[in-house]
Chemist: 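This is the structure, below, for whatever I ask next.
Source: prediction; values computed, not measured. Convention: sequence-line order gives letters A, B, ...; per-chain numbering from 1.
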Amino acid sequence: MASRFQAPRGTFDVLPEQGRARARLERAAAEIFARAGYEPVATPAFEDTALFERGVGKSTDIVRKEMFTFEDKGERSLTLRPEGTAPICRAYLEHGMHKLAQPVKLSYLGPFFRHERPQAGRYRQFHQLGIECIGTDSPLADAEVIMLLSDLLGELGVPGVELRLGSLGSLESRRAYLEDLKAHLHAHEGELSRDVRERIDVNPLRAFDSDDEGTRAVMESAPTIVGQLDGEDAEHFAEVRALLDAAGIAYAVDPTLVRGLDYYTRTIFSFVCDALGAQSEIGGGGRYDGLIEQLGGPATPAVGFAAGIERILLALDEEAPAAGRDAFVAIADPGQRGRAMALAVELRHAGISVEVDLAGRGLKGQLKHANRIGAARVLILEADGSAQLRDMETGEQRAADPGNLVDEMTGGGS
RNA sequence: GUGGCAGUAGCUCAGCUGGUAGAGCUCCGGCUUGUGGUGCCGGCGGUCGCGGGUUCGAGCCCCGUCUGCCACCCCA
C-alpha cells in the first residue's frame with residue numbers, strides 16, 4: 001500500500017519519535033541563548049538571489065552549484081536560503097539595527113536549502129540553529145559565541161565532540177597567504193600526488209589533508225595561515241585562545257581549517273563529532289567583519305555560528321522515550337462522553353496531562369489504550385454518576401468523590 | 001556532479017539452481033457477559049521501489065529509472 005508519493009529527494013518527515021528529541025534540543029538551545037541575551041529572530045525562507053551572490057561569494061560551491069533559485073511572476077530572481085548569516089545581516093541593515101546599542105545579539109532556527117547529493121547527515125532541506133553577535137570586534141565576542149555552542153553540545157550530551165580553531169586573518173592577508181601556498185605547491189609539483197597537483201589552483205588548502213607520503217613531506221615545510229598572521233590579527237587570535245583557555249574549553253588549533261563561505265575573517269571554528277562519518281561537522285562559524293559592508297552597510301564587525309540540527313540529533317542517536325500521561329478519563333457508558341471531555345479540559349487547565357477516548361472504544365479498549373499511552377492513572381466515569389480511580393501501575397482501584405475529581409487528581413493521593 | 005552498495009507487509013527481515021509470497025513485532029478481535037499489562041487463538045495488511053525486456057513462467061536474470069546508504073566533493 002505504498003503511497004505513490006514520497007518526500008522529495010534529500011528531504012524527510014519528522015515523525016513523533018524524532019519530534020520529541022528535536023523539541024528537547026530546541027528548548028535547550030532557546031534557554032542557553034536567552035540566558036546569554038541572544039534574542040530570537042526569523043527571516044524569510046527565500047531571499048533576493050543577489051544577497052547570497054554578494055554575501056556568500058560568487059566563487060563558492062554554495063552559490064555556484066547548490067542554490068535552489070527560481071523566478072517569481074514579477075521576474076525577480078529568488079533563492080531558497082542556503083545559509084542564515086547573510087539574511088540576518090540584511091535584516092540588521094534593513095531595520096537600522098546599527099542604531100541600537102551594540103553589539104546586537106540574535107539567535108535563529110529554521111530550514112535551509114542546498115541542492116547537494118544527499119547522504120546521512122546531508123539533506124537538501126535541513127535545519128540550522130545559530131547565533132550572531134553583530135557590532136563588536138572584541139575577541140570576547142568570539143569566545144562567547146564559541147562557549148555557547150560548546151555549552152549547548154555539552155548540555156545535550158553529544159559524545160565525541162572536538163573543537164577545531166583557526167584564524168584566517170584579514171581578507172587581504174588571506175589572499176596573500178593563498179598565493180604563497182600555491183607558489184610553494186607549484187615549486188614542488190613533482191613530489192605531489194596527482195589529485196593534489198590538479199587542485200593546486202582550485203583548493204590548495206586541501207593538500208594539508210592528503211595521505212600521500214610525498215605530499216605530506218611537501219606540506220611539512222608549507223606556510224600556514226596561522227603562522228603568517230600579522231600584528232593585530234595575531235593578537236586577536238591569541239586573545240581568543242587565552243579566553244577559551246581561561247574558560248577551560250579544549251580545542252585544537254588547526255592551521256588547515258577553512259570555511260566554504262567567502263565572508264569569514266579572523267577567527268573560524270568547527271565542532272566535529274567522530275560518530276558521524278563523512279559529514280562530521282555538527283556546527284561551526286567564525287568572524288565576518290567585512291560582510292555587512294559588502295552588503296552595502298557601514299563597516300561592522302560580527303561573529304556567529306550555525307549548527308546542524310539533524311547532525312546533532314544523529315550524533316545523539318537517542319531513543320526519545322514517549323512522554324506518558326498523568327491520566328486518562330475513561331467512560332463506562334457512552335452517555336458520559338460529554339462529562340469526560342469537560343473533565344479532561346478542566347484537568348488540563350490544572351496542569352495535568354490527560355487524554356480521553358476519541359475512537360469510540362469499549363471500556364476494555366480504553367483501558368488498553370490508556371496503558372499503551374503510558375497513563376499513570378485512569379478515571380472511570382460510571383453511568384450513575386459515580387467514579388472509580390485506578391492506578392495503572394499497581395492495579396489498585398477505589399471509588400473517587402465525583403464532586404471533587406480535580407482535587408482527587410491534583411491532591412496526589414490515590 | 002563522480003564512483004560503489006542496496007530497495008520484499010506500518011517496522012525488522014526470510015524467500016534454495018527462475019515455478020506466480022512467508023515469519024516476528026505492531027494494529028484489531030476472541031479466550032475473559034463493561035477493567036489494561038503476561039499467555040494462547042484468530043483476523044486486517046503485499047502493484048516484491050517504478051518502467052521495460054528475456055522466458056511457457058521473474059521477487060529471483062538483463063536494461064533503464066527513482067530513492068536511500070557509503071566514499072569523493074562540500075559543509076551544518
Chemist: Kindly indicate whether the side chain of A:Ser353, heavy atoms from C-beta on, has any atom under 4.5 Å from the side chain of A:Arg348.
Modeler: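 In short, these two side chains do not touch, never coming nearer than 4.5 Å.
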Chemist: With a non-hydrogen cut-off below 4.0 angstrom, is A:Tyr123 in contact with a base, only sugar-phosphate, or nothing?
Modeler: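 Result for A:Tyr123 = base.
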Chemist: Categorize A:Arg9 for me: base, sugar-phosphate, or nothing, with a 4.0 angstrom heavy-atom threshold over every strand shown.
Modeler: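 Sugar-phosphate: the residue A:Arg9, judged by heavy atoms under 4.0 Å, touches backbone atoms but no base.
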Chemist: Classify the side chain of A:Arg117 and the base of B:G68 as holding, or not holding, a donor-acceptor pair under 3.5 Å.
Modeler: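 No.
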Chemist: Using atom CG of A:Leu367 as one end and atom P of B:G29 as the other, report the distance to the nearest whole Å.
Modeler: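 Checked: the CG to P distance equals 13 Å.
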Chemist: Closest to the A:Ala278 side chain: B:A71, B:A76, B:G68?
Modeler: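 Output: B:A71.
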Chemist: When rounded to the nearest Å, what value does the distance between P atoms of B:U54 and B:C62 take?
Modeler: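 Straight-line distance between the two P atoms is 15 Å.
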Chemist: I need the CG-P distance between A:Leu15 and B:C11, as an integer number of Å.
Modeler: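 After rounding, the reported distance stands at 11 Å.
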Chemist: Is it the case that atom CD in A:Glu39 sees more than 12 heavy atoms from other parts of the structure closer than 6.0 Å?
Modeler: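 No, the 6.0 Å shell around CD holds no more than 12 heavy atoms from other groups.
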Chemist: Please give the distance between the P atoms of B:C5 and B:U12 as a whole number of Å.
Modeler: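 Nearest-Å result for B:C5 against B:U12 at atom P: 23 Å.
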Chemist: Between B:A76 and A:Phe112, is there a base-stacking contact, meaning the centre of the base's six-membered ring lies under 5.5 Å from the residue's ring centre while the planes stay under 30° apart?
Modeler: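 Here A:Phe112 fails the 5.5 Å or the 30° condition.
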Chemist: Between B:U35 atom P and A:Gln336 atom CD, what is the distance in whole Å?
Modeler: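 Going from CD in A:Gln336 over to P in B:U35 covers 17 Å.
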Chemist: If you measure from the P atom in B:G22 to the same atom in B:G42, how many Å do you get, rounded?
Modeler: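 These two P atoms come out 16 Å apart once rounded.
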Chemist: At their closest point, which heavy atom of A:Ala315 faces which heavy atom of A:Val158, and how far apart are they?
Modeler: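 Nearest pair, atom of A:Ala315 first, then A:Val158: CB-CG1, 3.7 Å.
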Chemist: Work out how far the P atom of B:C61 is from that of B:C69, and round it to whole angstrom.
Modeler: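 Between the two P atoms, the distance is 24 Å.
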Chemist: I need the A:Met392 CE to A:Phe328 CZ distance, nearest 0.5 Å.
Modeler: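 If I round to the nearest 0.5 Å, the distance is 9.0 Å.
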Chemist: Heavy atoms under 4.0 Å, any strand shown: does A:Ile380 hit a base, just sugar-phosphate, or nothing?
Modeler: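 Answer is base: heavy atoms of A:Ile380 come under 4.0 Å of a base.
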Chemist: Taking atom C1' of B:A76 as reference, at what distance in whole Å does atom CZ of A:Phe269 sit?
Modeler: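 So the CZ-C1' distance, A:Phe269 to B:A76, works out to 12 Å.
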Chemist: State whether the distance check finds a donor on one side and an acceptor on the other, under 3.5 Å, for side chain A:Asn371 versus base B:G37.
Modeler: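 Result: no qualifying N/O pair found.
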Chemist: Is the shortest side-chain N/O distance from A:Gln119 to OP1 or OP2 of B:A71 below 4.0 Å?
Modeler: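 Yes.
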Chemist: Could you tell me the separation between the CD atom of A:Gln366 and the C1' atom of B:U35, rounded to a whole number of Å?
Modeler: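 Computing the A:Gln366:CD to B:U35:C1' distance gives 10 Å.
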Chemist: Looking for any heavy atom pair under 4.0 Å, which part of the strands does A:Gly121 touch: base, sugar-phosphate only, or nothing?
Modeler: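 Since a base atom lies under 4.0 Å of A:Gly121, the category is base.
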Chemist: Quick one: A:Lys364 NZ to B:G37 C1', roughly how many Å, whole number?
Modeler: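 In whole Å, B:G37 C1' and A:Lys364 NZ are 11 Å from each other.
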Chemist: Measure from CG on A:Leu276 to C1' on B:A71 and round the result to the nearest Å.
Modeler: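 Between C1' of B:A71 and CG of A:Leu276: 15 Å.
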Chemist: Considering only the C1' atoms, how many Å lie between B:G45 and B:C40, rounded to the nearest integer?
Modeler: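 One C1' to the other, the span is 22 Å.
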Chemist: Of the nucleotides B:C73, B:C66, B:C74, which one has an atom closest to the side chain of A:Gln6?
Modeler: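 The listed nucleotide nearest to A:Gln6's side chain is B:C66.
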Chemist: Which residue, A:Gly284 or A:His115, contacts RNA chain B at a nucleotide closer to its 5' end, judged by nearest heavy atom?
Modeler: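 Going by which nucleotide is closer to the 5' end, it is A:His115.
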Chemist: A:Thr43 and A:Ala91: which non-hydrogen atoms are nearest, and at how many Å?
Modeler: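 Smallest interatomic distance, heavy atoms only, reads CG2-CB, 4.4 Å.
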Chemist: Say you pick atom C1' in B:U33 and the same atom in B:C48; how far apart are they, in whole Å?
Modeler: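 Between the two C1' atoms, the distance is 45 Å.
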Chemist: Can you tell me how far P of B:C69 sits from CD of A:Gln279, to the nearest Å?
Modeler: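 Going from CD in A:Gln279 over to P in B:C69 covers 11 Å.
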Chemist: Using Watson-Crick or G-U wobble geometry with both distances below 3.5 Å, tell me the partner of B:U17, or none.
Modeler: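 With both distances under 3.5 Å required, B:U17 matches none.
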Chemist: Base, sugar-phosphate or nothing for A:Gly10? Non-hydrogen atoms, less than 4.0 Å.
Modeler: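 A:Gly10: backbone/sugar contact only, no base atoms under 4.0 Å.
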Chemist: Looking only at atom C1', what distance separates B:U17 and B:A76, rounded to whole Å?
Modeler: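 After rounding to an integer number of Å, I get 50 Å for this pair.
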Chemist: Please say whether the positively charged group of A:Arg266, taken as NZ for Lys or CZ for Arg, lies over the ring of A:Tyr264, i.e. under 6.0 angstrom from the six-membered ring centre and within 45 degrees of the axis.
Modeler: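 Negative - A:Arg266 is either too far from the ring of A:Tyr264 or too far off its axis.
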Chemist: At under 4.0 Å between heavy atoms, what does A:Arg64 touch on the DNA or RNA strands: base, sugar-phosphate, or nothing?
Modeler: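 Since no nucleic acid heavy atom lies under 4.0 Å of A:Arg64, the category is nothing.
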Chemist: With heavy atoms under 4.0 Å as the rule, sort A:Gln397 into base, sugar-phosphate or nothing.
Modeler: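 The residue A:Gln397 makes base contact.
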Chemist: Could you please name the partner base of B:G3, counting Watson-Crick and G-U wobble pairs only when both distances are under 3.5 Å?
Modeler: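 Its partner is B:C70 (Watson-Crick or G-U wobble, both distances under 3.5 Å).
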Chemist: What is the pairing partner of B:G57, taking Watson-Crick or G-U wobble pairs with both distances under 3.5 Å in any strand?
Modeler: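 Paired with B:G57, as far as the under-3.5 Å criterion goes, is no nucleotide at all.
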Chemist: Please classify the nucleic acid contact of A:Arg390 as base, sugar-phosphate, or nothing, using heavy-atom distances under 4.0 Å.
Modeler: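 Base: the residue A:Arg390, judged by heavy atoms under 4.0 Å, touches a nucleobase.
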Chemist: Of A:Gly365 and A:Thr394, whose closest RNA chain B nucleotide lies nearer the 5' terminus?
Modeler: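 Closer to the 5' end of RNA chain B: A:Gly365.
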Chemist: Counting only Watson-Crick pairs (N1-N3 plus N6-O4 or O6-N4) and G-U wobbles (N1-O2, O6-N3), all under 3.5 Å, who is the partner of B:U32?
Modeler: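 Pairing partner: none.
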Chemist: Counting only side-chain heavy atoms from C-beta out, which of B:C73, B:C69, B:U35 sits nearest to A:Arg122?
Modeler: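 So the nucleotide nearest the side chain must be B:C73.
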Chemist: So A:Ala332, base contact, sugar-phosphate only, or nothing? Heavy-atom distance under 4.0 Å.
Modeler: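 The residue A:Ala332 makes base contact.
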Chemist: Base, sugar-phosphate, or nothing for A:Gly395, non-hydrogen atoms under 4.0 angstrom?
Modeler: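 It contacts base atoms.
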Chemist: Ring-plane angle category for A:Tyr92 and A:His98, please: parallel below 30°, perpendicular beyond 60°, tilted otherwise.
Modeler: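 Rings of A:Tyr92 and A:His98: tilted, 30 to 60°.
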Chemist: When you get a sec, tell me which of B:G36, B:G1, B:C66 is the closest nucleotide to the side chain of A:Lys368?
Modeler: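 Nearest listed nucleotide: B:G36.
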Chemist: For atom C1', what is the distance between B:A9 and B:A23, given to the nearest Å?
Modeler: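 Each nucleotide's C1' atom is 11 Å from the other's.
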Chemist: Verify the contact: side-chain N or O of A:Arg372 to OP1 or OP2 of B:C27, cut-off strictly under 4.0 Å; return yes or no.
Modeler: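 It does, given that an N or O in the side chain of A:Arg372 lies less than 4.0 Å from OP1 or OP2 of B:C27.
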Chemist: Closer than 3.5 angstrom, by distance alone: can the side chain of A:Glu310 be matched with the main-chain N or O of A:His127 as a donor-acceptor pair?
Modeler: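 Indeed, once roles are kept as given, a pair shorter than 3.5 Å links the two residues.
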Chemist: Please work out if A:Gln125 contacts a base, only the sugar-phosphate, or nothing of the nucleic acid, heavy-atom cut-off 4.0 Å.
Modeler: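 Answer is nothing: A:Gln125 stays at 4.0 Å or more from every strand.
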Chemist: Looking only at heavy atoms, what is the nearest atom pair of A:Leu261 and A:Thr60, with distance?
Modeler: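 So the minimum-distance heavy-atom pair works out to CA-CG2, 4.1 Å.
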Chemist: Contact class for A:Gly283 vs. all strands (heavy atom < 4.0 Å): base, sugar-phosphate, or nothing?
Modeler: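 Sugar-phosphate: the residue A:Gly283, judged by heavy atoms under 4.0 Å, touches backbone atoms but no base.
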